[in-house]
Amino acid sequence: MNVSYKTDQKSSEEPELDFDAIVIGAGMSGMYLLYRLRELGLRVRVLEAGTGVGGTWYWNRYPGARFDSESYSYGYSFSQELLDEWDWSEHFASQPEIERYLKHVDKKFDLSKDIQFSSRVQSATYDADNRCWALVLDDGRQYHSRFMITALGPLSAPTMPRFEGIEEFGGQSFHTGLWPKEEINFAGKRVAVIGTGASGVQTIQEVAKTAGELTVFQRRPNWCTPLNNRKIGKEEMDTIRAGYPELFQRCRETAACFVHNIDPRGTFEVTDEVRDAFWEKQYAGQGFGIWQGNFRDILTDPEANKLISDFVADKIRGRVNDPETAELLIPTDHGFGTRRVPQETHYFEVYNQPNVNLISMLETPIERITAAGIKTSAAEYEFDIIIYATGFDAVMGSFDRIDIQGVDGQKLTETWKAGPTTFVGVMVENFPNMFMVMGPHAALGNNPRSIEYNVEWVRDLIAEMAGRDLTLAAARPEAVEQWTDFVKLKAEGLLANEIDSWMTGVNMNVEGRQTRSIVRYSGTAPEYRAWCDEVAAKGYQELNLT
Ligand code: N01
């Protein structure tokens, strides 16, 4: 279908529409949006702040960055040719390989010709008279487009701690989410890493290999479990390729689109021997199996959760030589799996190395950054390099960085002040013709699977509008309320939603993010898709289409 919205509705005051659709962000969501919307014959432009494609996998090029999902479950599934020609070299590919893959996708589908790099969107204002969005870049360039589709990523607004003196540090400093393209040499250097989430853990285990001295500043420890990565040979890749249809079918059926699925048994329904043997197998298994493929109640029943937490704690004790250090590395403020589980490779053994030192910020907090290094309540340390692995203003932070104004100048930041309200995580009341891919309240998990679904849903909606000659799509208030209530209902009873983390919208480094809110959809992905499918099948009655 070929559609153009350019001349249909033009009046003398109407701004010329530069594009039918502007997509913000050239990560996995934005790239696929471009591919699908271009197929409709739309004039599409992707605006990307970076100088290359990849989004998360462009910015997070820190040492040790790699997939925590199985590589072959994480690539795009839409093109058989792409599946046929791309070989993954490891079960969990590293960032350079992932970036190579996304560059390959870019080249194969000739995407970059419609991607405008070094283009950070500063504001986006809905023009009700002309049913379009006016976007302004930070260099002043302006564009008008019928549709605006955000493909910002849930973890793309890096946050720094609010320590005094950060600017005074005389050495090199980096945030993991804004890592430079040049290689950083750690050999013989005194390196500090602040933060022990998924990014910190991957960084620490890599930097420890070469740093002269590595000092880890840990606030709350996380429950890390082994990634158990390994290479993929040609024969194994052929087998994986032959199994792609079943693999993607499986990802469609599991709760969070991973290859791992919840075990239907309850923790206490099996004997101690069966349970221990199962957990031993999970601990020795790959990736998120122990988190996403565990007994059905470990993330909802405190007793079951305590038992698996004790199991993992003992594993940590068995791997760290110094008992005091081991205890510091075991979380006591939250149970296993209630925050995102970092995946590790010899992470705990790093603390047995003579060149690695662990500082608990709960015992001796950082007081300030100095010209020479870091001052805690107990001592002053000198460093050549400080790495901030301090995370992101997740989910809503990437929206907050753009001044988005809907009907009557209503600001999105105001609309979402008490937590996001959306229709299926794709639309927001009073923000017509704005669609979100991987926005708040959409199904996260093994993200590319949800990205493909979301993009196709948006593509179908736009195609429907084009077919019926419609230029405006607005979410009805009652539909937004119904979906938001459903998201809240699905959040009930999940232990993770009772814990402070980015998954509950908490970030102590950001004003206004000190209390928990329901930022994620916690139901299953099949349930999510069933809801969205029904909306489409019934002709989008939840939307005002005119
Ligand atoms: O960020 P985080 P991340 N003083 O928020 C600490 C995805 N990801 O970048 O826990 C001291 O998890 C903070 O301490 P605390 C994945 O979804 C995916 O590591 O708040 N410490 C914490 O230890 C992941 O969950 C992959 O007490 C401060 C750390 O910094 C998400 O991204 C790889 C501090 C932040 O941890 C985010 O992970 C990497 C302060 N002021 C990431 N502020 C893969 O799939 C923060 N911290 C491979």
Side-chain angles (χ1 to χ4, degrees), residues 1-7 15-59 61 75-86 95-122 124 132-153 156 181 398 402 433-438 448 451-452 454-456 458-463 465-466:
M1 179 186 308
N2 265 298
V3 289
S4 173
Y5 291 94
K6 189 166 183 173
T7 50
E16 185 89 358
L17 287 187
D18 301 294
F19 303 103
D20 299 315
I22 283 183
V23 173
I24 312 178
M28 286 190 80
S29 302
M31 291 168 74
Y32 190 46
L33 272 162
L34 173 58
Y35 175 79
R36 284 299 181 203
L37 295 181
R38 231 168 37 182
E39 266 184 347
L40 293 179
L42 297 184
R43 291 163 308 146
V44 190
R45 174 66 57 89
V46 179
L47 301 174
E48 164 57 50
T51 59
V53 295
T56 286
W57 302 108
Y58 167 89
W59 296 102
R61 53 183 73 243
Y76 290 112
S77 71
F78 69 89
S79 159
Q80 190 56 47
E81 246 182 57
L82 181 59
L83 292 170
D84 286 345
E85 70 197 13
W86 185 264
Q95 183 276 338
E97 182 170 357
I98 303 164
E99 198 182 18
R100 266 200 313 280
Y101 168 74
L102 292 170
K103 282 183 174 165
H104 171 77
V105 173
D106 174 19
K107 195 160 168 225
K108 179 173 180 65
F109 299 108
D110 202 11
L111 299 177
S112 275
K113 72 170 193 267
D114 292 315
I115 304 177
Q116 192 174 308
F117 294 104
S118 305
S119 298
R120 186 175 285 283
V121 178
Q122 193 174 59
C132 70
W133 282 88
L135 287 93
V136 182
L137 303 188
D138 59 3
D139 61 10
R141 281 176 290 173
Q142 299 190 21
Y143 307 98
H144 288 87
S145 172
R146 177 71 69 211
F147 300 108
M148 172 173 83
I149 309 165
T150 63
L152 302 169
S156 58
K181 287 183 183 156
S398 49
I402 304 171
N433 287 4
M434 176 179 108
F435 307 117
M436 304 177 290
V437 172
M438 291 286 95
I451 287 171
E452 287 187 337
N454 264 168
V455 166
E456 288 162 21
V458 169
R459 183 265 325 261
D460 290 349
L461 170 59
I462 293 179
M465 291 176 70

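Numbers here are sequence positions counted from 1. Worth saying up front: this structure is predicted, and the values here are computed from it rather than measured.
- You'll find the side chain of Met438 stays beyond 4.5 Å of the side chain of Met28, heavy atoms only.
- Of the inter-residue distances, the one linking Arg120 atom CZ with Ile402 atom CD1 reads 8.5 Å to the nearest 0.5 angstrom.
- Counting all heavy atoms, side chain and backbone alike, Ala151 lies closest to Ser29 at CB-CB, 3.7 Å.
- When atom types are taken as modelled, the side chain of Gln116 and the backbone of Leu47 share no donor-acceptor pair closer than 3.5 angstrom.
- Under the 4.0 Å criterion applied to side-chain N and carboxylate O atoms, Arg43 and Asp20 are assigned as salt-bridge partners.
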Review point. Under the side chain to side chain donor-acceptor pair (under 3.5 Å) criterion, do Lys108 and Ser79 qualify, and how do the steps go?
Key: CA-CA 11 Å; Lys108 179 173 180 65; Ser79 159; 5.2 Å; no

**Study point:** Worked check of side chain to side chain contact (heavy atoms under 4.5 Å, CB included) between Phe117 and Ile115
**Key:** CA-CA 6 Å; Phe117 294 104; Ile115 304 177; 3.6 Å; yes

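- The shortest side-chain heavy-atom distance between Val23 and Leu34 does not fall under the 4.5 Å cut-off.
- No side-chain heavy atom of Asp114 sits under 4.5 Å from any side-chain heavy atom of Val44.
- Here the shortest heavy-atom pairing between Asn454 and Val437 reads CB-CG1, 4.0 Å.
- Leu82 has its side chain within reach of Tyr101: a pair of non-hydrogen atoms, C-beta onward, lies under 4.5 Å apart.
- Distance check: Leu42 CG to Arg146 CZ gives 11.5 Å after rounding to the nearest 0.5 Å.
- Minimum heavy-atom separation, Thr51 to Ser118: CG2-OG, 3.7 Å.
- Rounding to the nearest 0.5 angstrom, the gap separating the CE atom in Met434 from the OG1 atom in Thr150 is 5.5 Å.
- Taking the six-membered ring where the residue is Trp, Tyr35 and Phe109 present perpendicular rings, their angle passing 60° and hence far from 30°.
- Tyr76 has its side chain out of reach of Leu83: every pair of non-hydrogen atoms, C-beta onward, lies at least 4.5 Å apart.
- A distance-only check finds no donor-acceptor pair linking the side chain of Asn433 to the backbone of Cys132 [under 3.5 Å].
- To the nearest 0.5 Å, atoms OG (Ser77) and CD1 (Ile451) are separated by 11.0 Å.
- Atom CD of Glu456 and atom CZ of Phe78 lie 9.0 Å apart (nearest 0.5 Å).
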**Study point:** Working for side chain to side chain contact (heavy atoms under 4.5 Å, CB included), residues Arg38 and Lys113
**Key:** CA-CA 12 Å; Arg38 231 168 37 182; Lys113 72 170 193 267; 4.0 Å; yes

Practice item. Given side chain to side chain contact (heavy atoms under 4.5 Å, CB included), test Glu48 with Val53 step by step and report yes or no. Key: CA-CA 8 Å; Glu48 164 57 50; Val53 295; over 6 Å; no

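- In this structure, Arg36 and Val458 have side chains that are not in contact, with every pair of non-hydrogen atoms separated by 4.5 Å or more.
- No salt bridge links Arg45 with Asp18; every basic N to acidic carboxylate O contact stays at or beyond 4.0 Å.
- A donor-acceptor distance shorter than 3.5 angstrom exists from the side chain of Asp106 to the backbone of Ser112, with no hydrogens or angles considered.
- In this structure, Ala463 and Leu40 approach most closely via the heavy-atom pair CB-CD2, 3.8 Å.
- With hydrogens and angles disregarded, a donor-acceptor distance shorter than 3.5 Å links the side chain of Ser145 to the backbone of Ile22.
- Between atom CD of residue Gln142 and atom CG of residue Leu135 there is a gap of 9.5 Å, rounded to the nearest 0.5 Å.
- Residue Gly54 comes nearest to Leu102 through the heavy atom pair CA-CD1, 3.8 Å, listed as atom of the first residue, atom of the second, then distance.
- Under the 4.5 Å side-chain criterion, counting only non-hydrogen atoms from C-beta, Pro448 is not in contact with Tyr32.
- The shortest distance between side-chain heavy atoms of Arg100 and Trp86 falls below 4.5 Å.
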